[in-house]
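Written out below as structure tokens is the structure these notes cover.
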Amino acid sequence: MTERMTGFFDGMDFTGFWNDHPYYAKNYTEPAPSDELIADIEAELGFRLPVARIRNGGGVARDAFPMTVPTNWADDHVRVTGIYAIGRTRMWSLLGDLGSTFHRDEWGYPSWGVSFASTPTAGHEQFMLDYRDCGAQGEPSVVYVDQEADYKVTPVAPDFASFIRGLVDPQPYDEALEAEFSD
């Protein structure tokens, strides 16, 4: 199990990737998961997770993902607040108080996938691992699900590694928005 996703992040520069604000350490990040914990979490969720041993959850500084399809967030990108840890002890862990099962059971998010990252919309939109095409043991794609639009699903990335590699600095999007409102 520890060999999952080996090589997917080879050569990726994680400098400036994580947001190390204490809030994220307290609410998102857990210690590296053991193989036993991963197996327990997968059994409880009912899905095989794309395990990437880079960091177990946390806030991201490169929090924008370029999009070619508009969403309720923006016409050209979506934003990530934090990535859920594989665990159950942090508020934003997969099985934490506000994790994947909370969003499924309390907010009505689809049961065909796993919510794995939060957005700035406080739960009204979620990034999910989508297992509909690959089955519970396959390699899921990443989708953006909008609860406010009747759980509209927008494809984001073909897999978790592509999603992580595709996150970029939000500054150009922020500057474009500022310019739009200053005109």
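Throughout, numbering of the chain's residues begins at 1 and tracks the sequence. Quick caveat, the model's predicted, so the values are computed rather than measured.
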Q.
Looking at Tyr173 and Phe65, would you say the former's side chain and the latter's main chain have a donor-acceptor pair under 3.5 Å?
A. no

**Q.** Pairs where residues 110-121 contributes a residue and the test salt bridge (charged side-chain N to carboxylate O under 4.0 Å, His left out) is met, not counting sequence neighbours
**A.** none

Q) Which pairs count as salt bridge (charged side-chain N to carboxylate O under 4.0 Å, His left out) when at least one residue sits in residues 12-24, sequence neighbours excluded? A) Asp20-Arg55

Q. How long is the gap from CE on Met128 to CZ on Phe116, to the nearest 0.5 Å?
A. 10.0 Å

Name the atoms and distances for all side-chain donor-acceptor pairs under 3.5 Å in residues 97-107, with sequence neighbours left out.
from   : atom 1 : to     : atom 2 : distance (Å)
Ser100 : OG     : Ser115 : N      : 2.9
His103 : ND1    : Leu98  : O      : 3.3
His103 : ND1    : Gly99  : O      : 3.0

Residues in side-chain contact (heavy atoms from CB on, under 4.5 Å) with [X], at least two apart?
X      : answer
Pro70  : Asp75
Thr121 : Trp73, Thr119, His124, Glu125
Ala136 : Phe47
Arg88  : Leu37, Asp40, Ile41, Glu44, Leu95

Q) side chain to side chain donor-acceptor pair (under 3.5 Å) with Asp130: which residues, sequence neighbours excluded? A) Arg132

Q: Could you list the residues that satisfy side chain to side chain donor-acceptor pair (under 3.5 Å) with Asp63, not counting sequence neighbours?
A: Arg79

Q) Side-chain heavy atoms under 4.5 angstrom apart, residues restricted to Ile, Leu, Val, Met, Phe, Trp, Tyr: same cluster for Val69 and Tyr151? A) no

Quick one: ring-ring contact (aromatic ring centres under 6.0 Å, His included) partners of [X], sequence neighbours excluded?
X      : answer
Tyr144 : Phe127
Tyr28  : Tyr24, Trp92
Tyr23  : none

Q: Could you check if a side-chain atom of Leu49 sits within less than 4.5 angstrom of a side-chain atom of Leu94, using non-hydrogen atoms only?
A: yes

Q: Compare every heavy atom of Pro50 with every heavy atom of Glu139, then report the nearest pair and how far apart it is.
A: OE2-CB, 3.9 Å

